[in-house]
Amino acid sequence: MNFLNHLGRYMFMLRDMTARPDNWRMYLLEVFRQMNSIGVGSLIIIGIISFFVGAVTAIQFAYQLEASFLPPYILGFIIRDSVIIELAPTISGLLLAGKVGSNISGELGSMRITEQIDALEIMGINSRNYLLSPKIIASLLIVPPLILIAAFLGIWGGYLAATNYGISPAMYEKGLSYMFKPYNVFIMQVKSVVFAFLITSVSCYQGYFVEGGAIDIGKASTRAVVFSSILIILFDYIITLLLT
Amino acid sequence: MIEVQNITKSFDDKQILKGISTIFSPGIINMVIGTSGSGKTVFMKCLVGLFQPDTGSILYNGIDFTRISIKEKKQIRTQIGMLFQGSALFDSMTVEENVLFPLDMFTNMTAKEKMNRVNFCLERVNLVGANKKYPGEISGGMMKRVGIARSIVLNPRYLFCDEPNSGLDPQTSLLIDQLIKEITAEYQMTTIMNTHDMNSVIGVGGKIIFLHKGNKEWEGTNKEILTSDNQILNDFIFASEFLKEIRRGATNPK
């Protein structure tokens, strides 16, 4: 199937998801269940990785700064902006593409193969609306705060690593507040929302339209992760280009 | 009653259904039989609306299911129960939640009323005490019974069963057949069953249609099938020596 066919089917999927839910209570329960699965389920891994990404970045820059004439507080400034603008949203996005994307695609693929989606359709339920849109809405609601936490932990990891490396806490803190632009946090949140949509919608598409058996579910999960990751990097570039 | 009028269905250039017409009556099990690839599953998927036939009509009590709006289709679908070959239970839900799900979606019953209905349906399929188990924790036969309970929880007028006996031992198969037969007669449902199981066909088949290469090759009752002189049907039905012996007994009674 060529690219345009996939694109058309993807757009139709998005259109069908926006239908009025068959039962609002059940729909909202599903949104909360997905928020728990996507958000709470990813918090620990995002937290650990963001913390160490911040820490490693701090040590590497501190090492580079040793040989320069730049003041030491610049380290806090570099860590803050690189974590907020790039590292937190992109690393978390790629991580979520792997964890959440493969999970969504595998779950939906398995439901398709075992005829659970057909069962919903025969009951008269719009399966795209009931199964897919709660996942997308939940991720749009939960990923931005998740990435905010990732940014905080990344900066904190940088702080601990930098002070351990010999930079004084006061210097790091001075760097953190130096030329701070709240607009950068806005860029981070725009990236969060776009990445959340890309990860879940692409994974939903790959899982929902699986045909075949167990091997095809595995292939769909791989495609979900690969395509989401590529799109994250592509849109990271586009958003950065447009907003900075 | 479901009336099928000359339906055809093709995928790419391959015609799967070649103009099938028949009538399925309520209160009996209507069986669709045929070799693998004969079009049984596509036929059933057309009947329940998962596939749109290329031509022809499917009338649910006189309403043409192929030509009504999505909203009207939804209305008819709430009157349809379906038992899938693999049961198609929601594996993230317990037995109780699976049966409760259609009630949660489509009724305004109170929690107590819903639970009473769920327990009634589980009792009806002899599944008392399995409420809190997950599909992964129960046997294939139990899964089929949960599937039946979920199919009948909204009191459907139409019940579709896609190879309900596949993967089950002969004794459990008989129990499932008997259960479907009893429920069909009790609620006067229009039941349509796809099957390969000749025990089911001869045991509980009220009306049987035989599909061959996308055509309706033969139609009759479970008594008539034993004495039919349709060669293609006989090659399919009496494939084993054991069944050939039954046929000899049926055509030459002592």
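Residue numbers start from 1 in every chain, and the chains themselves are labelled A, B, ... in the order their sequence lines are given, proteins ahead of strands.
Within residues 82-98 of chain B, the residues that have a heavy atom under 4.5 Å from a heavy atom of chain A are Met82(B), Phe84(B), Gln85(B), Gly86(B), Ala88(B), Leu89(B), Phe90(B), Asp91(B), listed by number. Heavy-atom neighbours of chain B within the stretch residues 103-129 of chain A, taken at a separation under 4.5 angstrom, comprise Met111(A), Thr114(A), Glu115(A), Gln116(A), Asp118(A), Ala119(A), Leu120(A), Glu121(A), Ile122(A), Met123(A), Gly124(A), Ile125(A).
Contact of the Ile183(B) side chain with the Thr191(B) side chain is not registered, since no non-hydrogen atoms from C-beta on lie closer than 4.5 Å. Side-chain contact between Leu17(B) and Phe51(B) is absent, with no heavy atoms from C-beta onward closer than 4.5 Å. Counting only heavy atoms from C-beta outward, the side chains of Ile46(A) and Ile149(A) never approach each other to under 4.5 Å.
Side-chain polar atoms of Thr22(B) and Lys207(B) form a donor-acceptor pair below 3.5 angstrom. In the model, Ser57(B) has no side-chain atom that pairs as donor or acceptor with a side-chain atom of Thr66(B) under 3.5 Å. Side chains of Ser133(A) and Tyr27(A): a donor on one and an acceptor on the other come within 3.5 Å.
The ring pair (Phe, Tyr, Trp, His ring centres under 6.0 Å) test with Phe51(A) is passed by exactly one of Phe152(A), Tyr159(A), Trp156(A): Trp156(A).
For Tyr130(A), the part lying near chain B is the side chain, with the backbone staying farther off; criterion is any non-hydrogen pair under 4.5 Å. For Lys73(B), no part lies near chain A; criterion is any non-hydrogen pair under 4.5 Å.
In this structure, Lys191(A) fails the cation-pi test against Phe235(A), since its NZ or CZ atom is not both closer than 6.0 Å to the six-membered ring centre and inside 45 degrees of the ring normal.
The greatest number of non-hydrogen atom pairs below 4.5 Å with chain A, out of Ile70(B), Ile76(B), Asp104(B), is found for Asp104(B). Residue with the most contacts toward chain A among Lys45(B), Gln75(B), Arg150(B), Gln79(B): Arg150(B) (heavy-atom pairs, distance under 4.5 Å).
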TODO: Evaluate the side chain to side chain donor-acceptor pair (under 3.5 Å) criterion for residues Tyr205(A) and Arg9(A): first the C-alpha distance (whole Å), next the side-chain angles of each, then the deciding distance (0.1 Å), finally the verdict.
DONE: CA-CA 9 Å; Tyr205(A) 175 78; Arg9(A) 201 161 64 160; 3.2 Å; yes

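Summarising the geometry, atom CE belonging to Met31(B) is positioned 10.5 Å from atom CD1 belonging to Ile28(B); distances are rounded to the nearest 0.5 Å.
Heavy atoms of other residues, nucleotides or ligands lying less than 6.0 angstrom from CG of Leu242(A) number more than 12.
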